[in-house]
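One structure below.
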Amino acid sequence: MRERNGFIPKKYNQYSQHLQDKFGCKVYKITLDAGFDCPNRDGRISSGGCIFCEEGGSFSRAHCNSLSIQQQVETGVEKLKSRFKAQKFISYFQAYSNTYAPVERLKNIYDEALLHKDVIGLSIGTRPDCVDIEKINLISSYTNSHYVWVEYGLQTIHNKTLNHINRGHSYEDFLHAVNLTKNKGINICAHVIIGLPGESRKDILETAKALADLGINGVKIHLLCVLKNTKLEKMYLNNEFQLLSSEEYIDTVCDFLELLPPEVTIHRLAGNGLKRILVAPNWLCEKFKLLNAIDQELDKRSSFQGSKYIR
Ligand code: SF4
């Protein structure tokens with residue numbers, strides 16, 4: 001395989017490479033905290049939250065940022081410029097549900113996140129039941145000037161599992177959100193978790209097949225990991241489910257990639273595990289090793305993203 005910029009190209013449509021190709025420079029996401037909450041934690045849907053959710057609201061730090069959005073952007077830009085020589089940036093609202101507020105407040109927050117001249121995009125992580133047409137129209141209004149994504153936490157298409165993990169929304173809610181968001185100039189990313197309790201490999205691959213047919217633009221794949229002080233930790237310590245081994249995960253991720261259309265961007269192939277609160281699996285701490293093993297497995301199979309996708 002030919003090298004590109006000194007790197008062997010991936011056998012999947014890596015989001016970072018997609019950004020580099022699209023904008024002709026290094027583009028990094030700046031993670032911002034606007035102090036949003038989540039209806040699955042504050043009592044509107046439930047007060048328990050998803051069984052894997054830690055204090056920070058889905059794999060991020062708890063609200064601990066006293067800086068304004070503009071200050072967070074400026075700090076992020078400086079840090080990423082000096083650390084990675086990044087040139088352009090996407091303002092990324094990750095933790096909790098970042099459309100869970102009245103539309104006027106959302107507008108003020110998103111406007112502020114886009115003030116910096118080097119910010120070329122906006123990415124908003126949220127639940128599929130936290131959008132409506134008014135909010136989608138607001139987000140769509142940024143697409144003339146910026147590169148815009150909405151990232152929906154889906155996790156799985158199986159309602160039985162969604163109930164089991166206390167997700168508080170259904171697959172149909174996700175489909176409704178995707179329909180609202182489509183054809184509005186907004187890119188759509190779905191977050192999925194591989195290894196959820198009670199799911200077989202067949203169940204997981206059914207999620208891949210369903211996403212493949214939806215015409216979405218990106219997928220972020222997480223490995224189920226057990227974090228401290230979560231319901232999942234109690235279930236894990238009570239032996240109520242088994243985590244996947246690294247070999248099983250690598251195999252399943254490759255199967256998953258093979259079923260997705262080649263043009264879908266892959267935003268991640270495993271979470272970061274947040275070492276300080278990670279209970280298991282330990283092998284997630286060696287993320288580079290894991291990503292290399294996925295590359296090697298695709299090589300071994302002479303396979304690639306979309307190799308089993310049928311249009
Ligand atoms: S939707 Fe996200 S923030 Fe809300 S409870 Fe679930 S993981 Fe936590």
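We count residues from 1, following the sequence as given. First listed ligand is number 1; within each ligand, the first listed atom is number 1.
Applying the salt bridge (charged side-chain N to carboxylate O under 4.0 Å, His left out) criterion to K287, with sequence neighbours excluded, gives no partner residue. Considering only residues two or more places apart in sequence or on other chains, Y110 meets the ring pair (Phe, Tyr, Trp, His ring centres under 6.0 Å) condition with F93.
Those atoms of ligand 1 that come under 4.0 Å of a heavy atom in G49, given as number and element, are 5 (S). Contact atoms of ligand 1 toward R127: 1 (S) (distance under 4.0 Å to a heavy atom of the residue). Close contacts between ligand 1 and C50 involve ligand atoms 1 (S), 5 (S), 6 (Fe), 7 (S) [criterion: under 4.0 Å to a heavy atom]. Counting the atoms of ligand 1 from 1 in the order shown, those under 4.0 Å from a heavy atom of Y96 are 3 (S).
L298 is listed as a side-chain neighbour of L257, based on a closest heavy-atom distance under 4.5 Å.
When heavy-atom distances to ligand 1 are checked against a 4.0 Å cut-off, C38 comes that close only through its side chain, counted from C-beta outward.
Taken from NZ in K11 to CD1 in I266, the straight-line distance is 15.0 Å, to the nearest 0.5 Å.
Heavy atoms of R167 approach ligand 1 to within less than 4.0 angstrom.
Distance alone, capped at 3.5 Å, is enough to place a donor-acceptor pair between the K26 side chain and the F84 backbone.
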